[in-house]
Amino acid sequence: MLNLIPKLIVPSVCELTPELLKEKNISLLLMDFDNTLLPYTEDTADETVLAWLTSVQEAGIRLCVLSNTKRDRAPAFCRAHGIDCITHARKPFQSGIRRCLSQYAAEGEVAALVGDQIYTDVLCANTAGLLSILVTPLHLHNVWLKLRHVLEKPWIAIGKRRLRSAET
Ligand SMILES: [Mg+2]
């Protein structure tokens, strides 16, 4: 059975403070790029996202973008901000995650993958045994993205229900 249920749901990456990541024993954060850090339609990130990236880097948490993209946007952004970047990751398949974990000599238990898509990011993280973190997509700029998001909603609802019951 495919595990499509996110373990953690936050509105934005900026909610993932160094304190929260350390509390969850995360020392390596893999990040989706498009619609997680930047909208598809922009080349620069919001100031609050840039400040968040710096705060996580300064806290000693290793950051690596893990993207399915074949374009140069993600590597260019990462070069500018001192972040490692793996493209052509083929999420939800495991090859990109395996490459990343071996690059950092890290076990899956200390790594999380944050992304905006259930059927790629969350599925990929759950299958690999990483903490799956779902964020709200930054900008659903076309009908296909909107439709896909509708198809994700049942899994998001289950994830939210589980998180609420874990709190009580
Ligand atoms: Mg994305």
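Only a predicted model underlies this, so the values are computations on that prediction, with no experimental measurement involved.
- Hydrophobic clustering of Ile, Leu, Val, Met, Phe, Trp and Tyr side chains at less than 4.5 Å, counting indirect connections, unites I61 with L8.
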Determine all donor-acceptor pairs shorter than 3.5 Å in which one atom belongs to a side chain in residues 109-118; sequence neighbours excluded.
from : atom 1 : to   : atom 2 : distance (Å)
D116 : OD1    : T36  : OG1    : 3.2
Q117 : OE1    : T120 : OG1    : 3.4
Q117 : OE1    : R148 : NH1    : 3.2

>> Test side-chain contact (heavy atoms from CB on, under 4.5 Å) on R99 and L66; report intermediate values, then the result.
In response: CA-CA 10 Å; R99 221 183 325 151; L66 184 72; over 6 Å; no

Review item, side-chain donor-acceptor pairs of residues 101-108, under 3.5 Å, at least two apart:
from : atom 1 : to  : atom 2 : distance (Å)
Y104 : OH     : L63 : O      : 3.3
Y104 : OH     : D84 : OD2    : 2.4

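- V10 and W52 fall within the same hydrophobic cluster, defined by Ile, Leu, Val, Met, Phe, Trp and Tyr side-chain heavy atoms under 4.5 Å apart, directly or through other members.
- Distance check, rounded to the nearest 0.5 Å: CD1 of I86 to SG of C100 gives 4.0 Å.
- One hydrophobic cluster holds both V65 and L38 under the rule that ILVMFWY side chains link at heavy-atom gaps under 4.5 Å.
- Closest approach of F77 to L37, counting heavy atoms only: CE2-CD1, 4.4 Å.
- Here SG of C78 is found 6.0 Å from CZ of F33. Values are rounded to the nearest 0.5 Å.
- Qualifying side chain to side chain donor-acceptor pair (under 3.5 Å) partners for W155, counting only residues two or more places apart in sequence or in other chains: Y119.
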Let me check something: any side-chain donor-acceptor pairs from residues 11-18 under 3.5 Å, sequence neighbours excluded? List them with distances.
from : atom 1 : to  : atom 2 : distance (Å)
S12  : OG     : C14 : N      : 2.9
T17  : OG1    : L20 : N      : 3.1

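- Although no hydrogens or angles enter the test, the distance criterion places a donor-acceptor pair under 3.5 Å between the side chain of R73 and the main chain of E42.
- A continuous path of hydrophobic side-chain contacts links V49 to L29 [ILVMFWY only; heavy atoms under 4.5 Å].
- Using a 4.5 Å cut-off on side-chain heavy atoms (C-beta onward), N35 and Y40 make contact.
- K22 and A59 get closest at one heavy-atom pair: NZ-O, 3.1 Å.
- Closest approach of C124 to K91, counting heavy atoms only: SG-CG, 3.8 Å.
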Sequence neighbours left out, cut at 3.5 Å: what donor-acceptor pairs do the side chains of residues 131-144 make with other protein atoms?
from : atom 1 : to   : atom 2 : distance (Å)
S132 : OG     : K7   : N      : 3.0
S132 : OG     : N126 : OD1    : 2.7
N142 : OD1    : W144 : N      : 3.0
N142 : OD1    : L145 : N      : 2.9

Under 3.5 Å donor-acceptor pairs involving side-chain atoms of residues 161-168, not counting sequence neighbours:
from : atom 1 : to   : atom 2 : distance (Å)
S165 : OG     : R161 : O      : 3.3
S165 : OG     : R162 : O      : 3.1
T168 : OG1    : S165 : O      : 3.1

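- Nearest approach of N3 to I5, heavy atoms of both residues: OD1-N, 3.1 Å.
- L147 and I156 are members of different hydrophobic clusters when ILVMFWY side chains are connected at heavy-atom separations under 4.5 Å.
- At least one donor-acceptor pair closer than 3.5 Å links the side chain of N68 to the backbone N or O of R90.
- Summarising the geometry, atom OG1 belonging to T48 is positioned 10.0 Å from atom CG belonging to L53; distances are rounded to the nearest 0.5 Å.
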